[in-house]
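Throughout, a chain's letter reflects where its sequence line sits, starting with A, and its residues are numbered from 1. Since this is a predicted model, take the numbers as computed values, not measurements.
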2 protein chains.
Amino acid sequence: MAVSRDQILTKATEHLNHSPAASMAEIAQSVGISRATLHRHFATREALMVALGWRALDAWQGVHERIGLGETPAGERLEETLHALLIAQIEAAENYGFALTEQAMETDRALVTRAEELEAKEIELISACQRAGILRADFPPIWVSNTLYGLLLAVRESLRRGDVARRDIPRLVLETFLRGTTS
Amino acid sequence: MAVSRDQILTKATEHLNHSPAASMAEIAQSVGISRATLHRHFATREALMVALGWRALDAWQGVHERIGLGETPAGERLEETLHALLIAQIEAAENYGFALTEQAMETDRALVTRAEELEAKEIELISACQRAGILRADFPPIWVSNTLYGLLLAVRESLRRGDVARRDIPRLVLETFLRGTTS
DNA sequence: CTAATTTGCGACATCGGTGTCTCATCATAC
DNA sequence: GTATGATGAGACACCGATGTCGCAAATTAG
């Protein structure tokens with residue numbers, strides 16, 4: 001095979017990141033293969049999207065493993081873990097931003113389930129941070145989680161429109177998320 | 001006419017808010033009219049979307065007028081104006097949330113131009129707030145604006161999923177935007 | 001070189017959404 | 001009542017995207 005399944009997924013991800021409604025024909029072209037070959041690897045558009053979704057969730061889970069989430073973190077490392085999560089999420093969103101609004105993520109049962117599990121782990125961390133006084137406790141944890149979601153969408157939009165430089169993103173998100181916009 | 005153009009737009013807006021990719025047939029059904037009648041009022045889907053876009057921008061501009069934006073606000077009223085803007089934007093987003101991601105808003109020249117003008121006014125306010133020390137000055141104003149955009153998307157998502165109560169939204173957004181999630 | 005495999009190309013049927021049209025029906029105004 | 005105008009139902013053609021297929025060319029393995 002001239003083009004591996006993994007290469008297809010990578011190229012498709014890149015293309016969908018700046019053209020989320022692309023057709024199979026567009027995706028095939030961006031990968032550099034024919035429509036037929038693309039269909040040989042992924043029978044339907046749905047199948048392709050689900051495969052991309054799993055890959056995005058792999059990256060998300062990779063973030064969790066890398067920062068040691070789910071290992072009942074001691075109080076000392078809570079803040080450190082939270083910051084690492086934010087940084088890693090930004091990076092993941094830059095690569096898999098399209099998945100943030102891909103509707104296959106809400107259609108496919110398995111994807112939904114897995115995404116909920118990952119989200120639950122983050123909410124657990126947020127709750128722990130609230131109990132430890134690191135994060136304010138007068139917000140529902142789910143709102144804090146959704147806030148991060150919104151900021152990642154703001155990142156995607158900022159990059160797409162060229163509003164801010166890529167290298168500034170981590171600082172902007174971290175500061176905005178943690179301290180807000182007030183001086 | 002049993003159903004006025006305005007009623008159609010209102011119902012269509014409601015339906016698109018929880019089903020942003022709805023077809024003309026679905027929209028007609030949600031309005032309670034036939035597909036033919038819908039097409040009599042709006043020849044094409046594009047025309048309908050543009051009309052909805054103008055309405056959303058009318059609401060947005062209405063927010064600006066109500067809080068007196070663009071009248072070279074004195075320093076004293078800057079903070080007050082900013083807070084009013086945030087509150088009003090939340091309310092507008094609850095009604096016209098679908099417009100935040102409707103691609104007609106990026107396709108139609110006139111809509112783009114008008115949206116840019118409105119955005120520019122807000123960025124002006126943000127800049128003024130930064131100069132007055134109300135908002136931190138180490139963020140590009142456009143990022144602050146995009147942050148608000150992201151938070152409004154978080155609101156839309158939170159309401160769609162039923163994560164938080166509608167009445168809590170203003171406090172959550174205001175506090176998150178201004179002070180962040182840290183205690 | 002040869003055989004097996006993979007690919008690209010083009011044709012094809014299918015499907016759903018769109019936009020147009022006709023005609024019968026219904027409400028309203030006069 | 002009659003006339004006017006809006007509506008709903010249904011049929012139709014059109015379009016773009018999807019998914020399938022066969023075949024020839026190219027690549028790879030042996």
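- Residue A/Thr37 places at least one side-chain N or O closer than 4.0 Å to OP1 or OP2 of C/dG8.
- Here C/dG17 presents its P atom at 12 Å from CD1 of B/Ile27, a figure rounded to the nearest Å.
- Checking D/dG19, C/dT7, C/dT20 against the side-chain heavy atoms of B/His39 singles out C/dT20 as nearest.
- Evaluation of atom-type donor-acceptor distances gives a pair under 3.5 Å for the side chain of B/Arg40 against the base of D/dG8.
- Rounded to whole angstrom, the span from the CG atom of A/Leu48 across to the P atom of D/dT18 amounts to 10 Å.
- Taking atom CG on A/Leu38 and atom C1' on D/dG19, their separation rounds to 11 Å, with Å as the unit.
- At whole-Å resolution of the value, CD in A/Gln29 and P in D/dA17 are 12 Å apart.
- Between A/Arg136 and B/Glu175 there is a salt bridge, since at least one side-chain N of the basic residue sits less than 4.0 Å from a carboxylate O of the acidic one.
- Residue B/Leu52 forms a side chain to side chain contact (heavy atoms under 4.5 Å, CB included) with just one option from B/Leu111, B/Ile27, B/Leu16, and that option is B/Leu16.
- When the P atom of C/dC9 is taken as reference, atom CD1 of A/Ile33 falls 11 Å away, rounded to whole Å.
- Between B/Arg45 and B/Glu26, no side-chain nitrogen of the basic residue sits less than 4.0 Å from a carboxylate oxygen of the acidic one, so the salt-bridge criterion is not met.
- In summary, B/Arg161 and A/Glu119 engage in a salt bridge, as defined by a charged side-chain N under 4.0 Å from a carboxylate O.
- If you measure from atom NE2 of B/His41 to atom P of D/dA6, you get 9 Å, rounded to the nearest angstrom.
- For B/Met24, the listed nucleotide lying nearest its side chain is C/dT18; candidates were D/dG8, C/dT18, C/dG8.
- For B/Arg35 against D/dG8, no side-chain N or O and base N or O form a donor-acceptor pair under 3.5 Å.
- If you check C/dC21, C/dG8, D/dA17 against the side chain of A/Ser23, the one that comes closest is D/dA17.
- A/Glu26 has its CD atom 10 Å from the C1' atom of D/dA17, to the nearest Å.
- Using a 4.0 Å cut-off between charged side-chain N and carboxylate O, A/Asp108 and A/Arg114 make no salt bridge.
- Computed from coordinates, the B/Arg45 CZ to D/dG16 P distance equals 16 Å when rounded to whole Å.
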